[in-house]
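Naming convention: chains lettered A, B, ... in sequence-line order (proteins, then strands); numbering from 1 in each chain.
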Amino acid sequence: MNVQSPPVALKPNDYASDQEVRWCPGCGDYAIVKAVQKALSNMGADPKNTVFVSGIGCAARFPYYMATYGFHTIHGRAPAVATGVKLANPDLDVWVIGGDGDMLSIGGNHTLHVLRRNIDVQVLLFNNEIYGLTKGQYSPTSKVGTRSPSTPAGSVDSPVSACVFALGCNARFVARSVDTNLKVLPGLMQEAKENTGASFVEILQNCIVYNDGVYSSFTDKANIADGQVVCEHGKPLLFGKENEKGLRMTPGKMELEVVTIGENGVTEADILIHDETNRPLALMLAGMQPPNFPVAMGVIFRDPGPSYDAAVYDQIAEMTEKSPAIPINELMHKGKTWTVV
Amino acid sequence: MNVQSPPVALKPNDYASDQEVRWCPGCGDYAIVKAVQKALSNMGADPKNTVFVSGIGCAARFPYYMATYGFHTIHGRAPAVATGVKLANPDLDVWVIGGDGDMLSIGGNHTLHVLRRNIDVQVLLFNNEIYGLTKGQYSPTSKVGTRSPSTPAGSVDSPVSACVFALGCNARFVARSVDTNLKVLPGLMQEAKENTGASFVEILQNCIVYNDGVYSSFTDKANIADGQVVCEHGKPLLFGKENEKGLRMTPGKMELEVVTIGENGVTEADILIHDETNRPLALMLAGMQPPNFPVAMGVIFRDPGPSYDAAVYDQIAEMTEKSPAIPINELMHKGKTWTVV
Amino acid sequence: MPTNLIGTMATQLKETDESGREILDSVVIRFAGDSGDGMQLTGTQFTQSTALMGNDLSTFPDFPAEIRAPVGTTYGVSAFQINFASHAIKTPGDAPDVLVAMNPAALKVHLKDLVPGGTLILNLGAFNARNIEKAGYKESPLEDNTLDSYRVIEIDISKMTLAAVEHIDVTQKEALRAKNLWTLGLMCWMYDRDRQPTIDWLNQRFGKLPLIAEANIAALNAGHAFGETAELPSEISTYVVPKAKVEPGIYRAVTGVETTCWGLLTGAQKAGLNIFFGSYPITPASPLLHSLSNLKAYGVVTFQAEDEISAVCSALGASYAGSLGITSSSGPGVALKSEALGLAVVTELPLIIVNFQRAGPSTGLPTKTEQSDLYQSVYGRNGDTPMPVIAASTASDCYDCAIEAVRLATKYMTPVMFLNEGFLANAAEPWKLPDTDDVEPFPVEFASETEGFHPYLRDEKTLARNWAIPGTEGLEHRIGGIEKDYDSGNISYDSDNHHKMTKVRAQKILGIADDIPEQEVVSGNNSGKMVVVGWGSTFGAIEQATRRCQEDGLDVSHIHIRYIWPLARNLGELLKGFDKILVPEMNNGQLVTLLRSEYLVPAESLAQITGQPFKVSDLEREIRSRMED
Amino acid sequence: MPTNLIGTMATQLKETDESGREILDSVVIRFAGDSGDGMQLTGTQFTQSTALMGNDLSTFPDFPAEIRAPVGTTYGVSAFQINFASHAIKTPGDAPDVLVAMNPAALKVHLKDLVPGGTLILNLGAFNARNIEKAGYKESPLEDNTLDSYRVIEIDISKMTLAAVEHIDVTQKEALRAKNLWTLGLMCWMYDRDRQPTIDWLNQRFGKLPLIAEANIAALNAGHAFGETAELPSEISTYVVPKAKVEPGIYRAVTGVETTCWGLLTGAQKAGLNIFFGSYPITPASPLLHSLSNLKAYGVVTFQAEDEISAVCSALGASYAGSLGITSSSGPGVALKSEALGLAVVTELPLIIVNFQRAGPSTGLPTKTEQSDLYQSVYGRNGDTPMPVIAASTASDCYDCAIEAVRLATKYMTPVMFLNEGFLANAAEPWKLPDTDDVEPFPVEFASETEGFHPYLRDEKTLARNWAIPGTEGLEHRIGGIEKDYDSGNISYDSDNHHKMTKVRAQKILGIADDIPEQEVVSGNNSGKMVVVGWGSTFGAIEQATRRCQEDGLDVSHIHIRYIWPLARNLGELLKGFDKILVPEMNNGQLVTLLRSEYLVPAESLAQITGQPFKVSDLEREIRSRMED
Ligand SMILES: Cc1ncc(C[n+]2csc(CCOP(=O)(O)OP(=O)(O)O)c2C)c(N)n1
Ligand SMILES: Cc1ncc(C[n+]2csc(CCOP(=O)(O)OP(=O)(O)O)c2C)c(N)n1
Ligand code: SF4
Ligand code: SF4
Ligand SMILES: [Mg+2]
Ligand SMILES: [Mg+2]
């Protein structure tokens, strides 16, 4: 494949396709598509080498709105299709898009394996804790008690946390953000892209029609400071309006607690420093739930390792060097043959 | 369902069916079936209320050898079938059996969801790090570099750890043992059974034909003491021939290390006490790999919560109480109707 | 596809009733607007009122795949058509006599269907330059000759609505949302429909938001009042469609989802089983999951599975444990279930699969209807894996088919494929409420005799194996997907046994032909020049088209097939009595393949794959032309 | 099923060659023993030697589903049958002339097939009381009249083997394992086969374990020496089966897996594409994954997916990116792929699905062969979702079919179902090595022209859409499972467009009929009393049975169908020229359904669903009896 960088810098809008966007007015997906376009522009991504692969759902409509290559596949299977795209042409920049139903309900297994194998793609999970496209049934990320058309008396099964799941799948890049956080999202995408191997990004997305406000306790402007903690490697895990709160390990226990600097003798030195290479820490951070804890944002875990696609091609090169291809005619003649005259 | 305890105590052998066992001579599965029969006998399990549900694979042949009810289903789907069995009749004692391919490759998604939902079944995963029944291809738990018919030059993708995965899926009971450990296995099964909700037990099983000795570095008699650490809640994580070694948290870091008591000033008091309710700790323990670490055995994590099946029936009872069933004839007449005479 | 002929207009008698309303025999009205304009709701309420008036009716909701597409776009247009009459009708009507277009996009999409001279009601308020352009019009259609051949009523419904609710303390946005009710009010005036059911419904629906209820009611009444008082163009008059003469009884308006739900419930009760329903949401099958979720008091366990595979597997597990396992989906989801259906066939457990078909292949057109999963139902599994397939024709037939599916599944210990359709799921029709006591019970007897028991012991007559459920003392046994020995039920790799088991599985299903009714002719003679053979929701359109031809003296009959597999035992005989066999289907010709291979009859396909129901006129024309061939 | 007739015995000319060996025209030998006894290896080595001797041959390996069932059980018996001859043969033979039974269980399972008067070679060493009981014999079969009608050679092979390797430093267990080679040595003596290829193979195989190699070679030679020196019963003589007269060329023994693998590789080269092979292990398809995994130097990427859905989806993704996506599986796995195949049809991407069919339904009999996935291939998807289906008849045909599958997939931008069979995968036959230069290249041209480009632009003739791959400047586009507009390739919910697209997809596939050979008759006349129509691996048995009938003067022809969909354009005409059409299939009648519906011909099914290939004698009897009907 003849991969070149694009001749002129493209603006975010240049990454938008000519197709009319068909999400509900006010849907969080609008912000995400903008963020991705901005990220691509920042990185100078080449549209012809960029591929968006999605499953089915509102989120999965995403590829239609990008002026790149795109494949809107079937429900749950985007990671599998993307695996084939990337393995066929590792020079392509492959993004996988799906909702919480797409990637954690029907597609959970493919999400597991694309992460475990560490295929060099970016997996963006738009989590609105609901099935949007099929009109509002609860999803595997919905909170217990969610009333929905299929759970009129409230759901009774406990949800899975997307990031905790990803960590259990051996994912090596796990991050989280919010749909409308346009300040942060493009940068996060860029980090995801720059990470070698599978990058998992959970984007908390508001479904205005079926699950409006599900995150407002920590995403509404007034609640952000107290409701979110931003993970930055090597920096203390501080939050609050004045950065007056922080996370620390409960002394003598392997447990996080929220403390306030200046109270009970807590000083900034007590605050936990984020170590993005520590998986158990990441598990704790990813699992934090409101209202007792702030929700962890940013790069929660990053510990890059060799990507599967690179390893596959390295092995191909190695094997080819060891015993290069001979013409098929000769190949078929190798081994025991006999001649009839 | 009319559930009674069996009239007379049954011996382990009474739980064996009349079918000839068809595993390869020397296969680790033999020991496991014995252990389960022993456990059932110890618990006085009633064969008529006991159901084994399995997928496909060598491991999945299991139900045929039990004189209980059994359903040998299709590859990967045992957790889903078992979910239906348990929800249809929560009085039944349901066991789910499968191999690493069955439950973590094709069936990974159902494993995720049976654990997440916390359905009151026991999930026994026989992990031999290989596909036995299909003649030896590598599996998602095979180590990097595994040479197999489908990876003649060695596998290049990093494996998933069964217990780490289960923890990421929000499982509330995660344990591990070894096929031949007949002293421990029956008791572990009993704990699994007694746990309310989904109990996940990984049993390291030797496939003598396709992956012989894959665990011997820590399961051979001579290696057990140094190669395994047994997790017991509230007890220090000690191991070694004289219990002279132990795990501790590296001071100032959230990381485990192996220490020897008496060396470098380490005393028994420094040794980490196992807290089976701590998920991040469980993650660390479950993830320990030889040769640098001992392999964690026993109940790695336990933190029971309400089971899905119980919650479903509670909700049914509640809704029934709120508005009891009326005859279907009346039900159909509710709402707007009109009469033509 | 058949070219779009001009639909048949309602026969206008130009008679009037005592209050001066023109008496019509039947009318077809289509409401069209933005997805957000509430057209489905308007249609549904109009349907309710119409049903309560005693008309026969049939509806066709047609909405986009988008949840709420951006305002003003053509692909965001949602429509609802209702056909109501003073006689029995069977289809939602070929072409609307009245089109309500709430914005330019709705006009753009639907005008082509309006009968010439038909009535067009436009919401002027939405015909601004921006919307006109969005709809793809170069110029305003109000200003060129686009509307020349229609009776046009232009009203600024938006403004009227705002005015009507001015006095109520709701936001402008909330006020504007009531414009569908204003429109409904106008239509109620025009066709003499009672507003009370809608008022009741609004009060109930917005119980907790009384102001919203009030605004909506105000708009409804204002629309009605406008009709009474405004100076409408002289050609516009008020109408009345007298009650239809139908069988006495208690009626309600139902969709196929409701009747399927009640049918399954009735069937389960007749079998003496609890329902376990495992499903994964998918359009247009989800509403069945929703309905059954509300029936917990009936011992119904509903399980929203993680995917379709888990849905069918959990249902099969539940059947193994003694429940009536049911699963439902649409084409793509049913495809995913195919492997597990093989397991159901080989383990011979009762199971019902309800397939609400939609337009395919693949994701296709999820909200459009189609009949293209017949192949998949009959043939779509690995191995020799037969199962009964039945298909419903109307919302009321869904009830009977559901019961029949339960009967066959439990009596023959087999999965049963119940073919439903998106159209049936969504469309409403009046239904004479049945009495469950009229259905003969068919209680299941679980095995209990330990003597001589093995899991594949068969009933000599039905060939069904016995059903022994966990919890039963002494009947502990193992089943699974590997071939089983005929005589012991143990695993068997024996060659001849496999042959025998394959044959007996096929025989068991074919034997059902003796347990289902003989095929009857819906209308026309039992033999003759032509028979039109249909299945599923095309029943009404085919029957109407054939009737019209018959009334014209043509020798054409109508056969409707409900049992797709096995076919009725006399069907072959019957078909051979006709010179020509025409098989209209909303697919590319699937039943026709089955009939040809089974009976070697030269059945011809009439395929319409538009995701839309057949038009009676198209069918009629096609029948006439093929008769001449 | 057809009752087990006694197989045809090899014609014994009782002529001898110069060294006094009796000259035979053909022989059928079956090796049977415990799974652990190495029967497959013995058979394979004997096959190699036989092939190198210049005989024509055909083999049938038959092994249990268990990896290594407990020693001595009947279900643990593994067998390998070889038919070799001095003339062209097409089947592994109906019944063995010689049965080698390494233990009582093997005798128990296979004795019933041995021809009366046939030769039975028994390993006395395994006939102890325990094994005799395990095999289910009440008494020792050596001591009652069980073996009366056979020529029995009883040898304590175990003891002989131990003695032969005594001097080599291996364990007793290792020594005993060599007993299959002892047996092979004896058979090489008896049928004058060269031992050298086996010796070479052993040295290579056990390169790192020279003692094991030595022990095996010693056993092989000892078995041979035993024949030369021992006093064998007088009826036992040595034989020679002269070379078969076959076309000149270079030959090798191959299985269908090898030829499929090479065919795909050749096809990909002719198309100018790299292969991406996504698969999930399953019996009997896994060996193709294994073979392709060794071809990395050819740019072949193999991907062991987490399941079949991922396997097909990754292959489709690879095709989207410009590789030749291939996936393979067996029935249950193909069932899981059905939903994704719909996506492949609608996105019109090339894709090859190789289905190694096995006995179903469900898990069925995984190691037995069957042809029961034809329905699934042709019809097994939701929606109107046609795709070409081709089926291979022999190991060598697998090569050609694989190339043809690539040609059709790339030329018509479509998934192609390539029906293979467990029998073809495992059985070996001599193959005249082809020259890849004889295959016309069919290079793919990716789209590059931006002017007027849209993804669904079609070639006027083939109706294939253009293939624009990521990385191409200016052709950025989006595809997916939702219906696409005929003229722009954008999403389209338009009714008429859906009809048009459904029709064009069907038309494209039907049009392939003009690009494939006309149907020919394999043997017999082009019209007449009866035609036997087969497909797949039954080719040889049907041809032999028809030939025998023809030689007897019966007016019966043989048609073999390789293109299952679309069918050859002249097939209907051809079939109509026969009074009777008999369709033998290793399923409950599937192709027969297709022929009946397509051509309205009264084709009759001859179903054998035993998981075993047809016997020529059974077929012949059936043909004769049906001709008399
Ligand atoms: C095989 C299959 N099953 C089910 C569906 C129906 N379906 C479409 S999208 C969806 C879930 C949507 O939820 P999510 O993935 O969270 O995306 P969102 O719409 O919320 O963005 C479902 C169940 C389908 N299209 N295909
Ligand atoms: C749908 C389907 N795909 C593939 C197979 C083939 N298959 C049978 S068992 C198995 C994997 C066996 O591995 P594992 O689950 O680890 O069990 P083990 O044999 O090692 O105990 C596979 C791939 C199948 N039977 N069905
Ligand atoms: S339903 Fe929800 S997720 Fe879907 S487009 Fe609308 S707002 Fe967005
Ligand atoms: S192949 Fe391995 S896992 Fe399977 S039965 Fe044999 S030893 Fe056990
Ligand atoms: Mg969602
Ligand atoms: Mg395994």
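Using a 4.5 Å cut-off between heavy atoms, C:E598 touches chain D through its backbone atoms (N, CA, C, O) alone. With a 4.5 angstrom heavy-atom cutoff, D:R505 touches chain C only via side-chain atoms. No part of C:T347 comes within reach of chain D, as not one of its non-hydrogen atoms sits under 4.5 angstrom from that chain. Within the 4.5 angstrom heavy-atom criterion, only side-chain atoms of D:E370, from C-beta onward, approach chain C. Interface remark: D:V601 contributes backbone atoms only to the contact with chain C (heavy atom separation under 4.5 Å). For a residue to count as touching a neighbouring chain, one of its non-hydrogen atoms must lie under 4.5 Å from one of that chain's; by this rule D:P386 does not touch chain C. If you measure heavy-atom distances from C:I309 to chain D, the contacts under 4.5 Å come from the side chain alone.
A donor-acceptor contact closer than 3.5 angstrom is absent between the side chains of C:Q357 and D:N382.
When D:L343, D:V346, D:L341 are each tested for a side chain to side chain contact (heavy atoms under 4.5 Å, CB included) with C:P361, only one passes: D:V346.
Heavy-atom pairs under 4.5 Å with chain C peak, among D:S362, D:G342, D:A603, D:G380, at D:S362. Between chain D and the options C:S330, C:A344, C:G364, the largest number of non-hydrogen pairs under 4.5 Å is found for C:G364. For the options D:G481, D:G360, D:G333, D:G331, heavy-atom pairs under 4.5 Å to chain C are most numerous at D:G481. Among the candidates D:P332, D:S492, D:P64, the residue making the largest number of heavy-atom pairs closer than 4.5 Å to chain C is D:P332. If you tally non-hydrogen atom pairs under 4.5 Å between each of C:V334, C:L365, C:D373 and chain D, the highest count goes to C:L365. Contact count versus chain D (heavy atoms, under 4.5 Å) is highest, among C:M501, C:K368, C:K503, C:K484, for C:K503. Considering only heavy-atom pairs separated by less than 4.5 Å from chain C, the leading option among D:V345, D:T385, D:I482 is D:I482.
Scanning both residues, D:N588 and C:D384, for their nearest heavy atoms gives N-OD2, 3.0 Å.
Interatomic distance, C:H498 NE2 to D:Q612 CD, rounded to the nearest 0.5 Å: 10.5 Å. In this structure, OH on C:Y493 lies 7.0 Å from OG1 on D:T367, to the nearest 0.5 angstrom. Separating the OG1 atom in D:T610 from the CG atom in C:D494 is a distance of 9.5 Å, to the nearest 0.5 Å. The CG atom of D:L336 sits 8.0 Å away from atom CG of C:L336, with the distance rounded to the nearest 0.5 Å. With values rounded to the nearest 0.5 angstrom, D:I609 atom CD1 is found 13.5 Å from C:K500 atom NZ. One distance of note links CG of C:L595 with OG of D:S597; it measures 10.5 Å at 0.5 Å rounding.
Residues C:T593 and D:Y379 have side chains in contact (heavy-atom distance under 4.5 Å, counting atoms from C-beta outward).
Residues meeting the side chain to side chain contact (heavy atoms under 4.5 Å, CB included) test with D:S338, sequence neighbours left out: C:A335, C:S338, D:R381.
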